[in-house]
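Accompanying notes for the structure given below.
Each chain gets a letter, A, B and so on, in the order the sequences are listed, and its residues count up from 1.
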There are 2 protein chains.
Amino acid sequence: MNLSSIQQEFVLHFGEMGSRWGINRTVGQIYAVLFLSNVPLNADQIVEKLGFSRSNVSMGLKELQAWSLVRMKHLPDDRRDYFTTPEDLWEIVRILVAERKKREIDPTLSKLRELEMQKPDSDADRHAHDLLSELRELIELLTGWYDDMNRLETERLKQLLSLGAKIQKLAGKADILSMVGRRKATDKITAGKGT
Amino acid sequence: MNLSSIQQEFVLHFGEMGSRWGINRTVGQIYAVLFLSNVPLNADQIVEKLGFSRSNVSMGLKELQAWSLVRMKHLPDDRRDYFTTPEDLWEIVRILVAERKKREIDPTLSKLRELEMQKPDSDADRHAHDLLSELRELIELLTGWYDDMNRLETERLKQLLSLGAKIQKLAGKADILSMVGRRKATDKITAGKGT
DNA sequence: TCCTGATTTCAAGAATTACTGAAATTACAT
DNA sequence: ATGTAATTTCAGTAATTCTTGAAATCAGGA
């Protein structure tokens, strides 16, 4: 059970890229193999395909589970653990974004809020304090927007994304409307649509 | 010239976070120091604040320049290089996103396109091939959207972001209307019938 | 319970990445 | 050109992260 040249190359590439993301080469390759496989694989099959030690694969799978990037399955009459990636690519994207936010953004947001509690005592400190507030607000705007987007179902999300900047023309309009009153604005817009 | 406790804590935190991003702790701390400072700093001042070796700071600054995250400045009657971060936070965000895209997304997109040229020979290979196409399309949708957003001026961008999911109601409408014709679409926002 | 296969943990070695001081280079003033 | 301050390079060392095989743990089946 070996990899075709296309698969091989993708797996290698994904391993390299893995190290630019938070995960290491091994974990990246394991993920790629699972991603490409149309059937769930157990740890020994991954060992066979990639040539890593059994324990290395075990640790890699553990890390992927910590990222919620793989699911464990069981086959009838087989005690071994099998693994797959979510079938839906968008689900994978959502997970990735959520996990990276959790690891790379949220801790900083907490820290900024915490630091804002302390009051500045010097002049340079006041400047720093202001910067941190500004940064916090910016991050809150971004994460708030992300939360909104993440609530949308995938088809809606795709619509929005493909609209791209064209949406911006609408935004100007919506901006005007929202000055008249939020209720009115949304009512008018959704009038014929029913939610 | 030393750091207040707030600044100290932020610098340390940023260093820790740095390692979750592609940069290491030292580079993260150097960046944080520059970010907080209201005046440009030279390498020796950074050494003084952080206690790293001069050469380490030099390398860190080099890396930050490779990321376009710091700008070099010169002061009158002073031969030393001074460094600052962009004053505008949004500019920093734009740079960060652009650089991460360049390093983390673009190479994969190229690789996927390249692999799609090769034609699959086995069955499992055909499945893999399809997956890669799907993945490429998804990434293209995302990066296309990003390019659009990145073209917007900051104030527009902020507007859009704060609208959040409310924009989605417009999107459904715009989708329909755009079939009729772009000009009409924006004109008739509040009038048309929905899905 | 004991046995067997599967998985995980762990400590040690391997590999990679980061950091440093010394030497080399650069850039400018005299 | 020469001298000096500033910066960069580089090779060696330190620190961290990765990988492994052996031992420990776990989970059913007889």
Side-chain angles (χ1 to χ4, degrees), chain A residues 11-12 14-34 40-67 69-84 103-104, chain B residues 1 11-12 14-34 39-67 69-84 103-104:
Chain A
V11 167
L12 258 38
F14 218 80
E16 288 311 318
M17 295 310 289
S19 47
R20 304 203 183 179
W21 293 61
I23 67 179
N24 69 28
R25 201 168 61 261
T26 306
V27 176
Q29 292 191 19
I30 292 173
Y31 189 78
V33 161
L34 289 173
L41 300 176
N42 64 42
D44 285 321
Q45 291 172 310
I46 296 170
V47 166
E48 192 189 345
K49 279 174 195 277
L50 295 176
F52 303 141
S53 74
R54 183 48 234 265
S55 52
N56 201 2
V57 168
S58 175
M59 282 170 152
L61 286 168
K62 213 177 93 188
E63 181 163 358
L64 287 171
Q65 284 175 284
W67 275 79
L69 281 170
V70 299
R71 306 199 186 307
M72 209 197 300
K73 293 206 168 182
H74 284 103
L75 270 52
D77 296 329
D78 192 334
R79 280 162 53 190
R80 289 169 294 183
D81 298 335
Y82 284 78
F83 297 89
T84 56
R103 290 154 206 252
E104 301 179 359
Chain B
M1 191 201 276
V11 167
L12 259 35
F14 218 80
E16 288 311 318
M17 296 310 290
S19 46
R20 304 202 183 178
W21 294 60
I23 67 178
N24 68 29
R25 200 167 61 261
T26 306
V27 175
Q29 291 191 20
I30 292 173
Y31 189 76
V33 162
L34 289 173
V39 295
L41 300 177
N42 64 42
D44 285 322
Q45 290 172 311
I46 297 170
V47 166
E48 191 189 346
K49 279 174 194 279
L50 295 176
F52 303 143
S53 73
R54 181 51 231 264
S55 51
N56 201 2
V57 168
S58 175
M59 282 170 154
L61 287 169
K62 214 177 93 187
E63 182 163 358
L64 287 171
Q65 285 175 283
W67 276 79
L69 280 169
V70 299
R71 309 198 185 305
M72 208 196 300
K73 294 206 167 181
H74 284 103
L75 268 53
D77 296 328
D78 192 334
R79 279 161 56 189
R80 289 169 295 183
D81 299 335
Y82 284 78
F83 297 89
T84 55
R103 289 152 206 253
E104 300 179 0

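Taking atom CG on A:N42 and atom P on C:dG5, their separation rounds to 15 Å, with Å as the unit. Whole-Å rounding puts the B:R25 CZ to D:dT16 C1' distance at 9 Å. When the P atom of D:dA6 is taken as reference, atom CG of B:D77 falls 13 Å away, rounded to whole Å. Regarding A:E63, its CD atom lies at a distance of 13 Å from the P atom of C:dT9, rounded to whole Å. Between A:I46 atom CD1 and C:dA6 atom P the separation is 15 Å, expressed in whole Å. Put simply, CG on B:D44 is 14 Å from P on C:dG21, counting in whole angstrom units. The nearest whole Å value for the distance from the CD atom in B:E16 to the P atom in C:dA18 is 14 Å. The distance between atom CE of A:M59 and atom C1' of C:dA11, rounded to the nearest whole Å, is 10 Å.
Taking the side chain of A:S55 as heavy atoms from C-beta on, and the options C:dT7, D:dA22, C:dT20, the nearest nucleotide is D:dA22. Distance from the side chain of A:F52 is smallest for D:dT20 among the nucleotides D:dT20, C:dC19, D:dT19.
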Next on the checklist: Is there a side chain to side chain contact (heavy atoms under 4.5 Å, CB included) between B:V33 and B:L50? Walk through the geometry before answering.
Outcome noted: CA-CA 9 Å; B:V33 162; B:L50 295 176; 3.8 Å; yes
Item to check | Intermediate values then yes/no, side chain to side chain contact (heavy atoms under 4.5 Å, CB included), A:K49 and A:L41 | outcome: CA-CA 10 Å; A:K49 279 174 195 277; A:L41 300 176; 3.9 Å; yes
Checklist entry - Run the side chain to side chain contact (heavy atoms under 4.5 Å, CB included) check on B:T26 and B:M59 step by step: do they pass? => result CA-CA 10 Å; B:T26 306; B:M59 282 170 154; over 6 Å; no
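Residue-to-nucleotide proximity on DNA chain C shows that, of B:R54 and A:Q65, the 5′-proximal contact is made by A:Q65.
Counting non-hydrogen atoms under 4.0 angstrom, A:R80 reaches the backbone sugars and phosphates but no base. Backbone-only engagement by B:D81 is indicated by non-hydrogen atom pairs under 4.0 Å involving sugar-phosphate atoms exclusively.
Residue A:S58 places at least one side-chain N or O closer than 4.0 Å to OP1 or OP2 of C:dT8. For C:dC19, one of the phosphate oxygens OP1 or OP2 lies less than 4.0 angstrom from a side-chain nitrogen or oxygen of B:N24. Proximity of B:K62 to the phosphate of D:dT7: no side-chain N or O atom is located under 4.0 Å from OP1 or OP2.
Not a single donor-acceptor pair under 3.5 Å links the side chain of B:R103 to the backbone N or O of A:R20.
Judged by atom type and distance alone, B:S53 does not reach the base of C:dG21 through any side-chain donor-acceptor pair under 3.5 Å. In terms of polar N and O atoms assigned as donor or acceptor, the side chain of A:R79 never comes within less than 3.5 Å of the base of D:dG28 in a complementary pairing.
Residues B:Y31 and B:E63 fail the side-chain proximity criterion, which asks for heavy atoms closer than 4.5 Å. Side chains of A:I46 and A:L34 form a contact here, defined as non-hydrogen atoms less than 4.5 Å apart. Between B:I23 and B:W67 there is a side-chain heavy-atom pair separated by less than 4.5 Å.
Over its length, the helix from C:dT1-D:dA30 to C:dT30-D:dA1 turns its helix axis by 10°, as judged from the five terminal pairs at each end, rounded to 10°.
Of the inter-residue distances, the one linking A:R79 atom CZ with A:N42 atom CG reads 13.0 Å to the nearest 0.5 angstrom.
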